[in-house]
Amino acid sequence: MTADAASIQSRPFEADVARLLHLMVHSVYSDKDVFLRELISNAADACERLRYEAIAAPALLGDDPKPRITLTIDAEQRRLTVEDNGIGMSREEMVEALGTIARSGTRAFLERMQGGEEAGANLIGQFGVGFYSAFMVAERVDVLSRRAGTDEAWLWSSDGKGTFSVSPAELAQAPARGTRVVLHLSADAAGYADRPTLERIVRAQSGHVPVPISIIDKLGGEPAEVADGAALWTRPKSEITEAEYTDFYRSVAGQFDDPAMTLHYRAEGRQEYAALLFVPGTRPFDLFDPERKGRIKLYVRRVFITDDVEILPRYLRFVRGLVDSADLPLNVSREMIQESPILEAIRKGVTNRVLGDLEKLADKEPEKYIRIWEAFGPVIKEGLYEAFERREALLGLARFRTTASPQGWRSLKEYIAGLQENQTAIYYLAGDETAKLESSPHLEGFRARGVEVLLLADPVDSFWVTMSPSFEGKPFRSVTQGEADLAMIPRTDAATDSAQEVDPAVADFVGFVKKTLGDAVSDVRTSERLTESAVCLVAPQSGPDRQLERLLAGSGRLASAAKPVLEINPRHALVTALARLKDVEEPLRADTAHLLLDQARVLDGETPADPRAFAERLARVITRSLPKGERSTKPSE
Ligand code: ADP
Ligand code: MG
């Protein structure tokens, strides 16, 4: 290095980078090969960005228009170099790109690392973490870069131990255009300077990046092309193997798993484009990141344009891949593309295809489909309130835990096929955990009639169900809201107590409870909803159901919660006993009314409104029920 010492600036990494580097350097993760995939994908990105900028400024290409990536190995020096003739980096770009964490995915990765470094090390294997992975194999990394169209070059250098330096480089030492990443391999990574090893890894990981890759061995031998840069998506489907698709998926999606679904087709006719899309096999980190845009790359006649335009709707944002249009003009700004009617038509076509293929998969390979649903169902369900026009199709794709199959998944088609006599609605119970929902008293009357109830435990569920959806003409109804219209549906369980007369005293008792509870509830009534529990709370007929109300109240978005309705099981032993209880002092009867309400609250996972009053009432009632001799003192009033 020839730059004078005074112009070398050493500076610390951003704190998050330092943490990430520490993890890389001390990684116990055995598959370090992935660093190469990351560096090659950066080099290919740089070539594609140059091609794009050169549409407006062809001079940037100079006399070297063909993109290329060159790997140079020097086993003697234990050195591996990855060089591209792409866009290059200015000094500022270097500091920004290689000193901070720009990618939201990497940030999310760091957040997940809170679970401990062991866990983090395993996660490297599943997710791309970019440039810094070079420090898994190198004790020093030098990056020499010259941005296209400029006549200065810069050297970035670091040993990954907390600081990096940036200094001017002599033009003669730097690539004529683009970036050279020099890895000074650590002793235990010397194998990456071995030619056959390197060829094997490149073929396996990066064989389908759209830029040709060649290897040069400093110690002799012909330079050889290991990948020809032919765009995979332009080849006929029948000639592409599953392994090739998987490699391509990994390089385009930045994930290391296998795709759960691959969709490759060419649209002809009004719009001509090719699409190669993948549903990932596991959830990407940043799936719920509100900043996160779609990750579909847009190409125009094999030239990468941008990954910043929305090609699929938000509820399909887990899909990765690319679309290559033959119709969009090349020299159009990204802003104009977003508005283009051609893109709009592509968007619609691609969305149709993705939904159609998901449906086919659900039909033909239900187990595969269920894995996709388990990973991405909550995202797809966002479409139920975002995309009104697709609702029926999305409901068709949806799978649910239900009382008929709490461990498995049921489709609405199956639900409809199992409707009971006189059942006119699709019933659901929303909450935050399937296990808790299963034991809810609200389900008793439905169970007793063999009526299936959807158990909705995703937060997003409470929102789409309020938009009055229906499926095959059947409306959705919450079992915690309004009156349960169950009387018309015959019971299928052994018990036949529906037929059993209700004690006339119960009606009086219900009136008494209502009077006693006053403003605490909006109504008290008997109900067919319960068969085992004595009481439960439901929401009034209009407005949000109990779960949505809780969600809204928790987020401060509900000014005043509607008062619930207390429903009483008129045949429950406790209720009939209390109803018959005549000769007991009024305050004690009032205590039992309040206790019934608190019991219903507890069954809903809530706490009594006034815990102290609750404890006192409970104490009074228990004391009263003890045999006379055990009561040493009179309970306090
Ligand atoms: P990502 O590629 O997802 O942005 P990386 O950590 O791999 O994340 O790279 C960080 C940034 O460094 C890139 O976005 C790019 O701006 C810059 N960079 C890395 N390698 C190169 C290269 N070979 N040429 C130009 N820029 C590069
Ligand atoms: Mg990268």
Side-chain angles (χ1 to χ4, degrees), residues 13-14 16-21 23-24 34-54 60 67-72 80-110 124 127-138 141-150 152-158 160 164 166 169 174-183 205-206 209-211 213 250-256 284-286 289 291-293 295 297 304 306-308 320:
F13 284 110
E14 191 187 50
D16 279 347
V17 178
R19 279 172 63 210
L20 184 60
L21 282 171
L23 181 79
M24 292 297 167
V34 297
F35 85 92
L36 194 59
R37 207 201 59 108
E38 295 294 334
L39 296 184
I40 288 177
S41 106
N42 285 349
D45 288 350
C47 290
E48 298 196 316
R49 281 178 52 209
L50 175 67
R51 272 218 273 194
Y52 178 73
E53 288 196 10
L60 290 179
R68 88 186 102 77
I69 298 171
T70 312
L71 308 179
T72 308
L80 166 62
T81 303
V82 180
E83 179 166 336
D84 64 72
N85 62 347
I87 190 75
M89 281 177 276
S90 67
R91 183 177 182 285
E92 290 68 37
E93 285 169 329
M94 257 181 172
V95 171
E96 165 70 21
L98 309 182
T100 61
I101 290 187
R103 298 201 318 174
S104 60
T106 312
R107 202 167 283 288
F109 170 85
L110 276 168
I124 297 174
F127 298 88
V129 283
F131 169 78
Y132 301 112
S133 61
F135 289 97
M136 290 200 293
V137 299
V141 177
D142 297 327
V143 181
L144 267 160
S145 194
R146 177 169 170 184
R147 199 176 199 290
T150 69
E152 45 183 54
W154 295 93
L155 170 67
W156 178 102
S157 182
S158 175
F164 65 92
V166 178
R177 180 188 69 220
T179 303
R180 179 185 305 149
V181 179
V182 184
L183 305 180
Q205 292 185 353
S206 310
V209 302
V211 177
I213 305 171
R250 291 179 179 172
S251 67
V252 75
Q255 295 216 162
F256 292 77
F285 282 122
D286 47 356
D289 179 353
E291 300 281 286
R292 190 181 181 291
K293 307 208 183 74
R295 282 286 167 77
K297 294 184 173 193
F304 171 71
T306 176
D307 55 8
D308 231 17
R320 303 298 173 93

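Here, residue 1 is the first one in the sequence, and each next residue gets the next number. Start at 1 and go down the list; that is how both ligands and their atoms are numbered.
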Undergrad: Evaluating non-hydrogen atoms only, which member of Ile87, Asn42, Asp45 is closest to atom 19 (C) of ligand 1?
TA: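 Checking each option, the heavy atom nearest atom 19 (C) of ligand 1 is found in Asn42.
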Undergrad: Do Val166 and Arg91 have side chains that get closer than 4.5 Å, going by heavy atoms?
TA: yes
Undergrad: Tell me, do Phe256 and Arg37 make a side-chain contact under 4.5 Å, heavy atoms counted?
TA: yes
Undergrad: Between Asp84 and ligand 1, which residue portion shows a heavy-atom distance shorter than 4.0 Å: side chain, backbone, both, or neither?
TA: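 Near ligand 1, Asp84 shows its side chain, while the N, CA, C and O stay back.
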Undergrad: For Phe13 and Tyr132, take the angle between the two ring planes, folded into 0 to 90°, and tell me which bin it lands in: parallel under 30, tilted 30 to 60, perpendicular over 60.
TA: perpendicular
Undergrad: If we only count N/O pairs under 3.5 Å, is Glu38 in contact with ligand 1?
TA: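 No, no N or O pair falls under 3.5 Å.
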Undergrad: Pick, from Thr179, Leu50, Leu39, the option with the minimum heavy-atom distance to atom 24 (N) of ligand 1.
TA: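 That would be Thr179.
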Undergrad: Which atoms of ligand 1 sit under 4.0 Å from any heavy atom of Leu98?
TA: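 Checking each atom against Leu98, I get 12 (O).
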Undergrad: Are any N, O or S atoms from Asn42 nearer to the Mg ion (ligand 2) than 2.8 Å?
TA: yes
Undergrad: Less than 3.5 Å apart, which donor and acceptor atoms pair up between the side chains of residues 40-50 and the rest of the protein, not counting sequence neighbours?
TA:
unit_1: Glu48; atom_1: OE1; unit_2: Tyr299; atom_2: OH; d: 3.2
unit_1: Glu48; atom_1: OE2; unit_2: Tyr299; atom_2: OH; d: 2.9

Undergrad: Would you mind listing which atoms of ligand 1 come within a distance below 4.0 Å of any non-hydrogen atom of Ala97?
TA: 10 (C), 11 (C), 12 (O), 16 (O), 17 (C)
Undergrad: Who are the side-chain contact (heavy atoms from CB on, under 4.5 Å) partners of Glu53, not counting sequence neighbours?
TA: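 So Glu53 forms a side-chain contact (heavy atoms from CB on, under 4.5 Å) with Leu60, Ile87, Arg147.
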Undergrad: Just by modelled atom types, is the Gly178 backbone N or O under 3.5 Å from a matching donor or acceptor in the Ser145 side chain?
TA: yes
Undergrad: Between Met89, Arg180, Arg49, Glu83, which one has a non-hydrogen atom sitting closest to atom 21 (C) of ligand 1?
TA: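 When every heavy atom of Met89, Arg180, Arg49, Glu83 is considered, Met89 comes closest to atom 21 (C) of ligand 1.
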